[in-house]
Number of protein chains: 4
Amino acid sequence: MPPSLPISRDSQSKLLHILRLSAQIFAQRGFQRASIRDISRATGVSLSGLYYYFESKQKLLYLIQKNAFTSILESLTQRLQSLHEPQARLHLLIQNHLEYFLAHPYETRVLSHEEDALDEPLRKEIATIKRNYYNQAREILEQVVAEVPGSNLNPRLAILTLFGMMNWVYQWHNPDLDPGAEELTNVIVGIFLHGVLPGAPEDTEFHMAELPAADS
Amino acid sequence: MPPSLPISRDSQSKLLHILRLSAQIFAQRGFQRASIRDISRATGVSLSGLYYYFESKQKLLYLIQKNAFTSILESLTQRLQSLHEPQARLHLLIQNHLEYFLAHPYETRVLSHEEDALDEPLRKEIATIKRNYYNQAREILEQVVAEVPGSNLNPRLAILTLFGMMNWVYQWHNPDLDPGAEELTNVIVGIFLHGVLPGAPEDTEFHMAELPAADS
Amino acid sequence: MPPSLPISRDSQSKLLHILRLSAQIFAQRGFQRASIRDISRATGVSLSGLYYYFESKQKLLYLIQKNAFTSILESLTQRLQSLHEPQARLHLLIQNHLEYFLAHPYETRVLSHEEDALDEPLRKEIATIKRNYYNQAREILEQVVAEVPGSNLNPRLAILTLFGMMNWVYQWHNPDLDPGAEELTNVIVGIFLHGVLPGAPEDTEFHMAELPAADS
Amino acid sequence: MPPSLPISRDSQSKLLHILRLSAQIFAQRGFQRASIRDISRATGVSLSGLYYYFESKQKLLYLIQKNAFTSILESLTQRLQSLHEPQARLHLLIQNHLEYFLAHPYETRVLSHEEDALDEPLRKEIATIKRNYYNQAREILEQVVAEVPGSNLNPRLAILTLFGMMNWVYQWHNPDLDPGAEELTNVIVGIFLHGVLPGAPEDTEFHMAELPAADS
DNA sequence: TATGAATGAGTGTTCATTCAT
DNA sequence: TATGAATGAACACTCATTCAT
């Protein structure tokens with residue numbers, strides 16, 4: 001997390017300040033569209049001065065993404081320590097995720113949207129952290145499902161679907177309109193565990209044959 | 001002084017060919033990163049020759065997105081005509097969506113990922129079509145929920161969550177590994193309607209107070 | 001020699017014009033110091049317009065050097081065809097070299113001075129042509145020496161010394177002051193073959209022991 | 001307000017260390033290409049720290065060149081004091097030159113290759129030293145020639161040709177392959193005084209009329 | 001003596017777009 | 001319909017140098 005060169009306390013906190021503003025700019029304009037000049041303007045640091053804090057635009061993006069993921073993972077790990085009940089752990093995973101997302105909307109957008117903007121080898125580094133997170137989530141889910149006798153759930157599809165619900169939030173969440181992390185967590189946990197319909201699922205299943213097919 | 005959209009049959013089909021290849025390039029490299037030169041290379045049409053078919057890079061993106069949405073909406077509208085049962089209509093919505101997504105992965109990515117790459121006024125035009133689609137989906141959902149007495153579901157959150165599940169698919173779906181549209185539809189419909197757990201939801205609800213809070 | 005893209009007669013001759021002016025600028029300011037903007041100014045072609053004719057500054061230097069060498073080598077090969085007497089061939093080699101040097105002082109300076117400014121793999125390509133030329137020169141020299149019975153001359157040292165005499169010319173030759181190619185050739189041929197002293201060499205040799213040594 | 005040249009013993013020797021490493025870097029990458037950062041890295045001295053030892057990159061180059069020339073000239077002057085025979089003095093000039101060149105290949109390259117990298121007025125200062133050296137060499141040569149009755153040698157051309165032979169050495173000398181200073185001196189003295197051919201020169205002269213002309 | 005932090009000027013290069021043909 | 005030739009604006013990045021400490 002510290003830049004390759006500087007060590008001082010001031011320098012560190014200035015870097016963090018730059019990362020924060022850069023995340024905002026990348027979120028608003030997109031990584032490719034945003035120019036280092038934009039960041040220079042926003043931070044008040046001269047164009048060349050920025051390069052004292054990061055070696056390249058790519059590396060800047062990398063630092064933002066790594067910082068964000070580390071933040072989420074550390075908080076999750078710490079909070080999970082005291083929880084052992086499977087459903088409680090799943091609830092926490094979702095809540096932790098959404099709390100970060102709603103508290104850091106810019107970093108979130110960069111995380112969710114600019115995954116592919118990184119070139120190798122930085123891309124792989126981030127992918128590794130991500131996979132780590134994904135595996136942890138999947139384990140938690142599998143323990144929830146393990147309690148249900150006779151479930152034939154595909155855990156890969158289930159967890160990716162869950163991530164879809166959560167990660168898409170950055171595309172639509174309006175803080176003036178939509179609920180905060182706590183209530184949003186309850187909604188998503190509710191849908192993920194029990195769906196929007198209560199009661200027996202058996203008689204609501206449809207089969208392709210009954211549906212009209214697309215033309216092409 | 002070429003027309004904004006060319007008229008001859010040949011010209012039309014060549015435009016479609018260009019749109020297809022452009023979608024692929026935009027999907028693979030991202031809109032900003034991809035250059036018209038990339039498209040020239042891929043299509044074999046000279047750099048300046050391309051401008052006969054579209055007026056600007058923005059307009060090219062617009063054409064791709066509009067074509068894709070139109071395609072999805074037309075197919076949906078047509079297929080819905082013969083279906084009146086609410087849950088069947090919802091199932092069809094999801095299936096129609098996923099069928100297009102898996103059949104046109106490049107266009108899908110451009111649709112989901114390059115929403116904000118358009119500037120006004122083109123952005124607003126696409127947003128209008130999108131809102132149209134969203135409203136239709138929401139109506140279908142509300143009819144499903146209306147059948148359930150005493151549901152306190154927030155339909156905005158529910159439908160956006162559903163779109164999250166579906167739209168995120170382009171980020172992870174691997175045709176060699178993951179099921180096709182039909183089965184995927186069943187999985188998502190299943191989770192959305194009934195969740196990953198069967199049975200009574202009441203006793204599985206958690207409350208924030210029991211969960212550890214994040215540090216910062 | 002033609003650029004990768006353009007083919008037309010006009011384009012070709014414009015490229016040659018650019019190469020000529022670029023050689024002058026590289027000669028006067030040095031390759032690294034000279035900027036593409038300098039070349040844009042000198043040629044009247046816009047900064048970006050230049051990149052239609054060459055792909056990079058490196059490639060521009062490469063084109064200049066390759067053109068120059070090709071020119072020298074072609075002229076040499078052609079003129080050597082009708083000459084078979086060894087000394088006459090050596091004389092021609094030197095004259096051909098000097099004629100080009102005095103007629104194209106800018107290209108010459110770029111050739112002699114900017115050898116190492118090229119990066120691989122272009123550097124190697126030029127080196128190959130140069131080695132070709134060097135080998136031809138060495139063969140010619142060896143045939144001259146072969147006629148002398150009992151010569152113990154090191155041909156590598158001899159030919160490199162000869163190239164030293166010739167290639168250094170660009171560092172000092174003043175057209176207002178110094179003789180032209182013909183006379184200069186005679187001088188260099190004279191010194192190289194017979195030295196600045198006439199008569200018997202035997203009694204003028206010195207041995208280290210008689211000379212004072214340097215301090216460090 | 002550091003002095004233009006530092007005074008302490010330590011400082012002096014550190015400056016010399018910096019000059020040595022800088023010469024190497026300038027030799028290997030070329031003056032313009034080499035950055036002060038390269039020198040900082042090589043010396044371990046911080047970027048700004050270097051500016052205590054020299055005021056600018058130009059001045060650094062100047063110091064290297066001046067040091068080198070002073071070294072050559074001082075050694076030459078001292079060693080010439082005890083020698084009075086003209087040919088012996090010429091031999092010594094060449095040997096002194098080559099000994100320095102082979103012992104200090106980096107400084108040599110900077111001397112021979114980066115002549116024009118200096119801007120005025122530093123350029124003129126070095127040029128003055130150089131002219132000094134050149135004049136001394138020319139005087140020595142003229143005394144050699146004065147002993148030969150009836151010589152019509154152009155001394156300017158002769159001495160510049162000699163410098164060509166010597167100065168070009170840095171372009172090709174390979175310590176693993178080529179002889180050391182002593183033998184190299186003998187070879188160059190031999191060629192310069194007597195040429196590569198022994199015996200009477202009169203009948204080996206060629207005239208332009210007999211040679212084929214170049215095309216353009 | 002020495003350095004971390006900063007900067008203005010400049011670099012080579014790319015890009016979407018144009019226009020005469 | 002199509003293209004070769006051209007351009008202005010912008011971009012990421014590097015550089016020699018400075019200055020407070």
Side-chain angles (χ1 to χ4, degrees), chain A residues 3 5-8 10-11 14-15 32-40 44-60, chain B residues 1-3 6-8 10-11 14 32-40 44-60, chain C residues 3 5-8 10-11 14-15 32-40 44-60, chain D residues 1-3 6-8 10-11 14 32-40 44-60:
Chain A
L5 307 166
I7 355 170
S8 84
D10 276 7
S11 194
K14 187 156 184 187
L15 170 62
Q32 299 291 343
R33 254 184 147 172
S35 75
I36 302 285
R37 273 161 181 87
D38 290 335
I39 290 167
S40 164
V45 181
S46 75
L47 195 54
S48 47
L50 289 170
Y51 281 84
Y52 184 76
Y53 293 95
F54 50 84
E55 321 163 7
S56 68
K57 200 186 172 191
Q58 285 268 332
K59 203 75 176 246
L60 171 58
Chain B
M1 265 151 302
I7 346 171
S8 87
D10 276 6
S11 194
K14 187 157 184 185
Q32 299 290 342
R33 255 183 149 172
S35 75
I36 303 284
R37 269 161 180 86
D38 290 335
I39 291 167
S40 163
V45 181
S46 77
L47 201 52
S48 41
L50 289 170
Y51 281 82
Y52 179 80
Y53 294 95
F54 52 84
E55 317 161 15
S56 69
K57 199 185 171 192
Q58 285 269 330
K59 204 73 177 249
L60 171 58
Chain C
L5 308 166
I7 355 171
S8 84
D10 277 6
S11 195
K14 186 156 184 186
L15 170 62
Q32 300 291 343
R33 255 184 147 172
S35 76
I36 303 285
R37 275 160 180 87
D38 291 336
I39 291 168
S40 165
V45 180
S46 75
L47 196 52
S48 47
L50 289 170
Y51 281 82
Y52 184 76
Y53 293 95
F54 51 85
E55 321 163 8
S56 68
K57 200 186 171 191
Q58 285 268 331
K59 203 74 176 245
L60 172 57
Chain D
M1 267 150 298
I7 345 173
S8 87
D10 276 7
S11 194
K14 188 157 183 185
Q32 299 290 342
R33 252 183 151 173
S35 76
I36 302 284
R37 270 164 180 86
D38 291 335
I39 291 167
S40 164
V45 181
S46 78
L47 200 52
S48 41
L50 289 171
Y51 281 82
Y52 179 78
Y53 294 97
F54 51 85
E55 318 161 13
S56 70
K57 200 186 173 193
Q58 284 269 330
K59 204 73 176 248
L60 171 58

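Residue numbering restarts at 1 for every chain, and letters A, B, ... go by the order of the sequence lines.
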Base, sugar-phosphate alone, or nothing: which one does D:Ser35 contact when heavy atoms must sit under 4.0 Å apart?
-> sugar-phosphate

Would a distance-only check, ignoring hydrogens and angles, find a side-chain to backbone donor-acceptor pair under 3.5 Å from D:Lys14 to D:Tyr53?
-> no

For A:Lys57 and F:dC11, is the shortest distance between a side-chain N/O and OP1 or OP2 below 4.0 Å?
-> no

Report the nucleotide, chosen from E:dG10, F:dT1, F:dG4, that has the shortest atom-to-atom distance to any side-chain atom of B:Tyr52.
-> F:dT1

Minimum-distance nucleotide to B:Tyr53 side chain [options: E:dA2, F:dA2, E:dA6] = F:dA2

Side chain of A:Arg37, base of F:dA10: donor and acceptor closer than 3.5 Å?
-> no

Reckon A:Lys59 touches a base, only the sugar-phosphate, or nothing at all at heavy-atom distances under 4.0 Å?
-> nothing

Could you give the OH-to-C1' distance, from A:Tyr51 to F:dA16, as a whole number of Å?
-> 18 Å

Taking any strand in view, what nucleotide pairs with F:dA12 in a Watson-Crick or G-U wobble way, both distances under 3.5 Å?
-> E:dT11

Quick one: is B:Lys14 getting a side-chain N or O under 4.0 Å of the F:dT1 phosphate, OP1 or OP2?
-> no

Sub-4.5 Å side-chain heavy-atom contact between B:Ile39 and B:Leu60 = yes

Send over the distance from A:Leu60 CG to F:dA12 C1', rounded to a whole Å.
-> 12 Å

CG of A:Leu50 to CG of A:Leu15: how many Å apart, nearest 0.5 Å?
-> 10.5 Å

Closest to the 5' end of DNA chain E, once C:Gln32 and B:Gln58 are matched to their nearest nucleotides, is C:Gln32

Nearest-nucleotide 5' precedence on DNA chain E, C:Ala34 against D:Val45 | D:Val45

Proximal nucleotide (of F:dC15, E:dT1, E:dT13) relative to the A:Ser48 side chain = F:dC15

Given atom CZ of B:Arg33 and atom P of E:dT13, what is their separation to the nearest angstrom?
-> 20 Å

Nearest nucleotide by nearest heavy atom, which residue falls closer to the 5' end of DNA chain F, B:Leu50 or C:Gly44?
-> B:Leu50

Whole-Å distance, A:Ile36 CD1 to F:dA12 P, equals 5 Å

If pairing means Watson-Crick or G-U wobble with both distances under 3.5 Å, then the partner of E:dA20 is F:dT3

Give the nucleotide from the list E:dA16, E:dT13, F:dC13 with an atom nearest to the side chain of C:Leu47.
-> E:dT13

Nearest heavy atoms of A:Arg33 and A:Asp38, plus distance in Å = O-OD2, 4.2 Å

Taken to the nearest whole Å, CG/B:Asp38 to C1'/E:dT14 is 11 Å

Side-chain N or O of B:Ser11 less than 4.0 angstrom from OP1 or OP2 on F:dT1?
-> yes

What pair of heavy atoms forms the shortest contact from C:Val45 to C:Ser40, and how long is it?
-> O-OG, 2.7 Å

Nearest heavy-atom contact between B:Ser11 and B:Tyr52 is OG-CE2, 3.8 Å

Checking F:dA16, E:dT1, E:dT13 against the side chain of C:Ser56 (C-beta onward), the nearest is E:dT13

